[in-house]
A.B. asks: 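One structure, pasted below without further comment.
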Amino acid sequence: MIRGWLAAIVLGMVCGLLAWHATIGAMPRALMALAVRRVASAGGINRMTHAPIVTAKSRAIVRPSPDLLYSSCPYDVGVGPVLIDVLPIDAPYWSLSVFDTLTNTAFVRNNQQTKGQPLRVALIRKGQVVPKGYYPVMPAGTRGVALIRVLIDRNAPIDAIERARRQSNCRVAN
């Protein structure tokens with residue numbers, strides 16, 4: 001009788017460990033798929049959308065900072081290289097981050113690293129050609145999100161920052 005209970009306990013533990021392992025393995029892909037869908041609903045895949053200034057009701061991004069302006073590009077490199085162009089923004093700080101299918105950070109650059117120069121990034125898969133003048137980034141998987149964050153001073157006018165930010169774009173290479 002004890003053997004029967006012991007076998008059931010061991011079987012239950014093995015099933016629990018397998019379920020835990022499967023959940024941990026699937027969760028990043030599921031979360032990124034949800035994020036891509038949610039962000040793409042504002043403007044589509046391989047297109048940059050520029051969110052309005054954050055308010056208490058903003059929730060497209062979980063707990064967005066009221067001190068940041070956000071622009072996002074849900075991408076799919078399965079249809080071809082995705083080109084991201086970010087012009088310099090006269091703000092205290094701005095950055096471009098690219099997150100891959102597994103929610104890992106595939107690329108990050110900020111205004112201190114670009115030193116006032118435009119940032120031109122090509123998201124590619126193996127075998128795709130990088131257009132001249134673009135920095136190649138090969139994220140894991142085919143889908144993810146590129147995110148521009150711009151630090152603002154809410155006590156200062158943001159018109160010039162907003163105009164510069166809205167010139168950033170992403171698109172599939174021709």
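Residue indices begin at 1 and follow the sequence shown.
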A.B. asks: Provide the closest heavy-atom pair for Gln128 versus Val77 in the form atom of the first, atom of the second, distance.
C.D. replies: NE2-O, 2.9 Å

A.B. asks: Is it true that Arg143 and Asp100 have a side-chain N and a carboxylate O under 4.0 angstrom from each other?
C.D. replies: no

A.B. asks: Can you confirm whether Val121 sits close enough to Phe107 that some side-chain heavy atom of one is under 4.5 Å from a side-chain heavy atom of the other?
C.D. replies: yes

A.B. asks: When you compare the side chain of Phe99 with that of Thr105, does any pair of heavy atoms fall below 4.5 Å?
C.D. replies: yes

A.B. asks: Check the side chains of Arg109 and Thr114 for a donor-acceptor pair under 3.5 angstrom, ignoring hydrogens and angles.
C.D. replies: no

A.B. asks: Quick one: are Trp94 and Leu119 in side-chain contact, heavy atoms under 4.5 Å?
C.D. replies: yes

A.B. asks: More than 12 heavy atoms of other residues, nucleotides or ligands under 6.0 Å from CZ of Arg47: is that the case?
C.D. replies: no

A.B. asks: Quick check: do Gln113 and Asn110 have side-chain heavy atoms less than 4.5 Å from each other?
C.D. replies: yes

A.B. asks: Please determine whether residues Ile161 and Ile53 belong to a single hydrophobic cluster, defined as Ile, Leu, Val, Met, Phe, Trp and Tyr linked transitively by side-chain heavy-atom distances below 4.5 Å.
C.D. replies: yes

A.B. asks: Which heavy-atom pair separates Val82 from Asp76 by the least distance, and what is that distance?
C.D. replies: CG2-O, 3.8 Å

A.B. asks: Please find the pair of heavy atoms, one from Leu83 and one from Ala122, that lie closest to each other, and give the distance.
C.D. replies: CD2-CB, 3.7 Å

A.B. asks: Taking C-beta and beyond as the side chain, do Tyr75 and Thr142 meet within less than 4.5 Å on heavy atoms?
C.D. replies: no

A.B. asks: Do Asp85 and Tyr134 have side chains that get closer than 4.5 Å, going by heavy atoms?
C.D. replies: yes

A.B. asks: Do Ile124 and Ile84 belong to the same hydrophobic cluster, where Ile, Leu, Val, Met, Phe, Trp and Tyr are linked whenever their side-chain heavy atoms lie under 4.5 Å apart, directly or via other members?
C.D. replies: no

A.B. asks: Examine Leu123 and Met138 and state if one hydrophobic cluster contains both, with Ile, Leu, Val, Met, Phe, Trp and Tyr joined whenever side-chain heavy atoms are less than 4.5 Å apart.
C.D. replies: no

A.B. asks: Starting from the C-alpha separation in whole Å, work towards a yes-or-no answer on side chain to side chain contact (heavy atoms under 4.5 Å, CB included) for Met32 and Val145.
C.D. replies: CA-CA 8 Å; Met32 185 53 73; Val145 175; 4.0 Å; yes

A.B. asks: Is there a side-chain contact between Ile148 and Met48 (heavy atoms, below 4.5 Å)?
C.D. replies: yes

A.B. asks: Measure across Ala173 and Pro131 and return the closest heavy-atom pair with its distance rounded to 0.1 Å.
C.D. replies: CB-CG, 4.4 Å

